[in-house]
Structure formats: C-alpha cells, structure tokens
Amino acid sequence: MGAEPILELKEYTLFFESNHVRYSILDAISLTVKRGELVGIVGESGCGKTMLGNSISGLLPDNVKGIQGQMRFFGVDLLSLSAKKRNKYKGSKISMVFQNPNTSLNPVISIGRQMTDVIRQHQPVHRSQAKSIALKWMSEVGLPDPEEVFRSYPHQLSGGMKQRVVIAMALSCNAELIIADEPTTALDVTTQYQILQLIQKLQKEHRVTFLLITHDMGVASYLCDRLAVMYGGRIIEAGPTGLVLKQPVHPYTQGLLKCLPGQGKTVEDLYTIPGVVPSPVDFPEGCRFSTRCEYRNSKCSEQKPPWQTDDEHPGQWYACHYPAGGEEKSIAAPFG
Ligand SMILES: Nc1ncnc2c1ncn2[C@@H]1O[C@H](COP(=O)(O)OP(=O)(O)OP(=O)(O)O)[C@@H](O)[C@H]1O
Ligand SMILES: [Mg+2]
C-alpha cells in the first residue's frame with residue numbers, strides 16, 4: 001500500500017559519550033514509512049523509541065556527539081542539510097503528538113488563537129480563513145462544539161479533548177507525517193480507545209501517515225499496518241503486523257508476545273523475559289539482547305547480527321544469528 005516512501009532511515013546511528021567512552025543509543029536503524037501507512041515502534045521502556053521519534057522530528061538532545069547514516073524525507077537526505085535548514089524543512093512537514101498534550105499547548109493562550117497562529121505560520125491565510133480551517137479540523141477529529149472549544153483555554157478541556165486539539169493542529173498545518181509518542185498512555189481506557197479509533201479513521205479516510213510509538217503491543221497490533229520492534233537502541237525485527245504477531249522471528253519479539261495478558265491467562269501464566277535491559281554504556285559487542293536470550297552462544301555476544309530476511313519469512317526483517325533458536329539463515333542483501 002501507499003507506494004511513495006515518505007521517510008527512509010538507513011543505518012541511522014546516534015552517538016553519545018560518557019567519561020570519554022563513545023556509545024550509541026540509536027544504532028543502525030533502518031526503517032521506511034510510506035504514504036498513508038501506520039507504522040508502530042514498539043519495545044520495552046528505555047529501548048530508544050522516544051529518542052528515535054524525537055530525532056526524526058528534529059528534537060535531538062544537546063549532548064549528541066555524532067550522527068551517522070541517512071534520514072531521507074521525501075527523498076531529501078536531511079543529514080546533508082545544515083541543522084537550521086533541516087529543522088525548517090522538517091518543521092513544516094512533521095508534527096509530534098506527545099503523551100502529555102500540555103507539552104504542545106500554551107496554558108495562557110486560547111485554543112483558537114494557538115490554532116490560528118500555527119496555521120498562519122504555515123499558510124498565507126487571513127485570520128478568518130485560519131479560523132475556518134481550524135474549525136473544520138476540530139470537527140473532523142470529533143471535538144463536540146468546535147466554536148466553544150475554539151474560545152476555550154487548555155485547562156477547560158479534558159485530556160482526551162486536548163489530545164484531539166493537538167491532532168487537529170497537526171492536520172490543519174498539512175503535516176505529512178505525524179509522530180505520536182505514547183499518545184494515549186495518560187488517558188483513561190475509554191478515552192484511550194476513542195483516540196486510537198480517531199487515529200485509525202484519519203489514516204483510513206484522510207491517508208494521514210503515522211508513526212505510532214508505544215510500549216503497548218496490544219495497541220500496536222490493533223492499529224498498525226507494520227511493526228518495528230526495538231531493543232537496546234536497535235530495530236531487531238520489522239514486518240507486517242499480522243506476520244510479526246503470528247510468526248515472530250526474533251527471540252525478543254517472541255518473549256514480548258508471551259508477556260501479553262490474554263483471555264483465560266492468570267497472573268501465574270504471565271511470562272516475563274528474564275534479566276534486565278543493560279544500560280546503553282554496557283551493551284554487549286554483538287547482539288544487544290544476547291545477555292537475556294535463551295538461544296545465545298558465543299557468536300551472539302561477539303558479532304553484531306546483520307539486518308536480514310529469508311525465504312521462510314518474506315517481508316519480515318530481523319537482526320538475529322539464530323532466528324527462533326534455529327539454524328543460521330541465508331542472508332539477503334539489505335535495501336534491495
Ligand atoms: N540526552 C540523553 N543522553 C544520554 N542518554 C539518554 C538521553 N536521553 C535518553 N537517554 C537514554 O536513552 C535510552 C532510550 O531512551 P528513550 O526515552 O528513547 O526510551 P523509550 O523507549 O522512549 O522509553 P519509554 O517507553 O520509557 O518512554 C535510555 O537508556 C535513556 O536513559
Ligand atoms: Mg518514550
């Protein structure tokens with residue numbers, strides 16, 4: 001679906017330094033997002049999901065010591081542009097939706113003013129035209145009585161309504177890609193479900209392209225066309241959601257799926273992946289999951305597994321020497 005690639009990351013790596021030791025938090029990330037797709041980034045806390053989403057949108061931490069690889073947006077290699085040009089380019093096309101909508105809203109300015117200001121930063125329209133655009137998108141995202149919301153201040157709205165406003169803002173600026181980082185984690189279950197339905201509706205009806213960042217495999221599997229599973233700053237498996245759920249290749253993905261609560265499972269039945277995620281300064285040389293993997297051998301701790309696919313798993317890519325604990329597979333050249 002959606003043939004045109006909007007975002008292409010190839011071997012994207014972010015280096016940091018601590019006590020003169022260089023280490024990578026994002027390591028050789030390769031990911032393509034096509035127009036109209038809803039791609040999920042999943043993985044345990046601390047695996048680098050936010051770091052990835054933020055670096056795509058241009059919110060790099062100050063202490064980054066080096067960047068490698070490629071980040072193409074509509075074919076333009078953003079890393080070859082100056083930081084200023086890069087941020088200007090991205091700012092007009094990529095919008096972020098954060099876990100806490102207050103991050104994106106100014107508490108002392110009315111919703112209407114904030115929306116029209118943002119619209120006018122992106123389009124040469126009069127204030128009255130900007131208002132019509134704002135009201136149209138507010139109604140599109142399911143805000144009841146958009147005129148009333150337009151006059152309101154953030155504190156007068158519920159968390160779910162504020163999240164809808166933030167999404168309406170992104171849409172009213174014609175964002176090409178919306179990166180939603182745990183957009184429903186702070187909401188109650190009913191509101192969470194409604195926002196997820198909204199994201200789905202926008203993707204299906206308006207072909208909005210989403211990168212959905214979530215630690216909730218259930219949410220991701222419900223919504224996403226494709227999943228990228230992260231561990232220790234790397235994508236360790238990616239593929240169409242149905243395939244990743246049905247026949248996960250990487251032992252880490254298999255472990256994550258076993259952890260999911262399900263009907264008929266009791267607390268005793270719930271599985272947890274043994275061990276803990278190492279700190280980024282202590283990642284092993286080879287596979288970063290090797291310290292916790294039941295199938296590991298010496299090769300796993302010494303050699304970084306290549307990003308590969310095989311005939312048994314068409315469309316699925318993974319970084320594992322012994323997928324599913326089995327034989328080493330033949331390696332296809334990455335990126336065609
Ligand atoms: N500015 C920084 N400098 C160095 N390390 C950082 C910096 N910001 C985050 N980290 C580290 O990077 C790793 C990835 O963090 P990140 O916030 O991206 O994880 P996450 O997957 O979003 O987790 P969560 O599910 O809890 O939101 C963590 O080990 C974190 O401590
Ligand atoms: Mg995060």
Apply side chain to side chain donor-acceptor pair (under 3.5 Å) to Gln70 and list each qualifying residue two or more places apart in sequence or on a separate chain. Arg72
Co-members of the apolar cluster containing Phe283 [side chain, <4.5 Å]: none
Distance check, rounded to the nearest 0.5 Å: Arg234 atom CZ versus Asp27 atom CG? 4.5 Å
From Asn102 atom CG to His155 atom NE2, the distance as rounded to the nearest 0.5 Å: 11.5 Å
For the atom pair CD1 (Ile235) and CG (Leu9), what is the distance rounded to the nearest 0.5 Å? 7.5 Å
Is any NZ, NE, NH1 or NH2 atom of the basic residue among Lys299 and Glu302 found under 4.0 Å from an Asp or Glu carboxylate oxygen of the other? no
Ignoring hydrogens and geometry beyond distance, is a side-chain donor-acceptor pair present between Arg296 and Ser290 at under 3.5 Å? no
Between Tyr252 and Phe289, is the ring centre distance below 6.0 Å? yes
Without hydrogens or angle criteria, can the side chains of Tyr23 and Asp282 be said to hold a donor-acceptor pair below 3.5 Å? no
Glu4/Arg207 ion pair, N-O < 4.0 Å: no
Minimum heavy-atom distance between Thr116 and Arg127, given as atom pair plus value: OG1-NH1, 3.0 Å
Separation between NE2 of His215 and NZ of Lys49, rounded to the nearest 0.5 Å: 7.5 Å
Thr241 (side chain) donor-acceptor with Asp225 (main chain) under 3.5 angstrom: yes
